[in-house]
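Data block below; observations after.
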Amino acid sequence: MSTVVLIGTQWGDEGKGKITDFLAREADLVVRYQGGNNAGHTVVIDGQEFRLHLIPSGIFYPDKICLIGNGVVIDPAVLVRELDMLAEQGISTGNLRISPRAHVIMPYHRRLDEAEEDRRGDSRIGTTRRGIGPAYMDKAARSGIRVVDLLDPEEFAARLRDNIAEKNKVLSQIYGAPGFDFEEVLSEYLRLAERIRPYVADTSLVVNEAVKAGRNVLFEGAQGTLLDLDHGTYPYVTSSHPTAGAACLGAGIGPTRIDRVVGVAKAYVTRVGGGPFPSELHGELGDLLRQRGREFGTTTGRPRRCGWFDAVVVRYAARINGLDYLALTKLDILSGLPEVRICRGYRYRGEELTEFPASLKVLAECEPVYETLPGWDEDISGVREYGALPANARRYVERIVELTGVPVALIGVGTGRHQTIVLHRVF
Ligand code: IMP
């Protein structure tokens, strides 16, 4: 019985939804601990595609408890939409629990996110414009509204009045944007609060009791290591911590209770939003990966930038997260390429860097140093045993293991839950 943290090792969109869905079979609890509806998980079950932004993908298993931890920022309107969508599909949400300590994304957060992105112009972060950054800003500034406050009409009204007065000033005086009407927001959110109330529970207590009882717990990270506020490509990052350490803070569990950390890495790399990306492919090959891998944002529909697998990035993620295993996704997308490349290091002013630099200026000047391996032609989407992969595909995986120093436990060869090769047990 164990606890596993699953995180993204790149810039998000590594296919965590699929791996979470696969591992959730063996988990009793699935816990989200950071981010908000900037995330998007696509899960394909029996050919039907589901998109979730907030609710853990464990919800598709009727017997799993799904938690939204205190570290998540919750847009109640989005949450209620997801609850309704799941109900319409006949999927029960009775096992969902939401932390009263989670912060709430308010309409002014969304508008501030938009306004700030527009103000930045060409140097915009490329956020999802879902209000994530402004919600975490208020949390750190100690002016945020938590779920527990939302459920208390008196407390909520007082905090909302205060916030709206301040945000309206900022919106009009700094951004020249329209503000919000207190009464309107109040009545809408009090209505949403009643939809959420039945799900609210002390999620830290739930998870700690589950651990004590020897249950399997899966902590599901959103985004990826390079979008981490501390460890990512700042300022082109999100405002939370998509790294493994955050599972403790964001779920209310001690570090001594975490058994294993698994990093999800796509067999190539994608990035949405701005910022340097050394192994980015411009032109035909990038387009090919985008089309084949359906690399368009789940949340915003934006085309993702595509590039070769970057071992510097994943080695860095292995260090920051203390990775035990990798889950390598979308290996099938590389089938049919005459050769495949892995970025082994960066050439910076004549020197080869093997560690990920802190300075974005340095990163922007880095040229990828590639190793080129022979490709494979076979369709691998039906392969379920590692030994049945074409020799060149195995060679590619083995080189990734050597360069990152992390063993591969799972390999994804298609979008479906069962299109997964298991090399090591994770739970
Ligand atoms: P924000 O999280 O909306 O503030 O966006 C900040 C940065 O994180 C932008 O580059 C976004 O494109 C990126 N981002 C946020 N969530 C995701 C995700 O789930 N996948 C990939 N990129 C994301």
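Just follow the structure's listing: the first ligand is 1, and inside any ligand the first atom is 1. Below, each value reflects all heavy atoms present in this structure, side chains not excepted, and no hydrogens, waters or symmetry copies. Residue numbers start at 1 and run along the sequence shown.
At a threshold of 4.0 Å, the pair Glu371-Arg341 does not count as salt-bridged, since none of the basic side-chain nitrogens sits closer than that to a carboxylate oxygen.
By the ring-ring contact (aromatic ring centres under 6.0 Å, His included) test, Phe277 is found to be paired with Trp11, residues two or more places apart in sequence or in another chain being considered.
Cation-pi geometry between Lys139 and Tyr136 is not satisfied (NZ or CZ under 6.0 Å from the ring centre, within 45° of the ring normal).
Side-chain contact between Met137 and His109 is absent, with no heavy atoms from C-beta onward closer than 4.5 Å.
Ordered by chain and residue number, the residues placing a heavy atom less than 4.0 Å from ligand 1 are Trp11, Asp13, Asn38, Ala39, Ile125, Gly126, Thr127, Thr128, Gln223, Leu227, Val237, Thr238, Val272, Gly273, Arg302.
Classification of the Trp376-Tyr396 ring pair by plane angle, with boundaries at 30° and 60°, yields tilted.
If you check the side chains of Asn70 and Thr203, you find no donor sitting under 3.5 Å from an acceptor.
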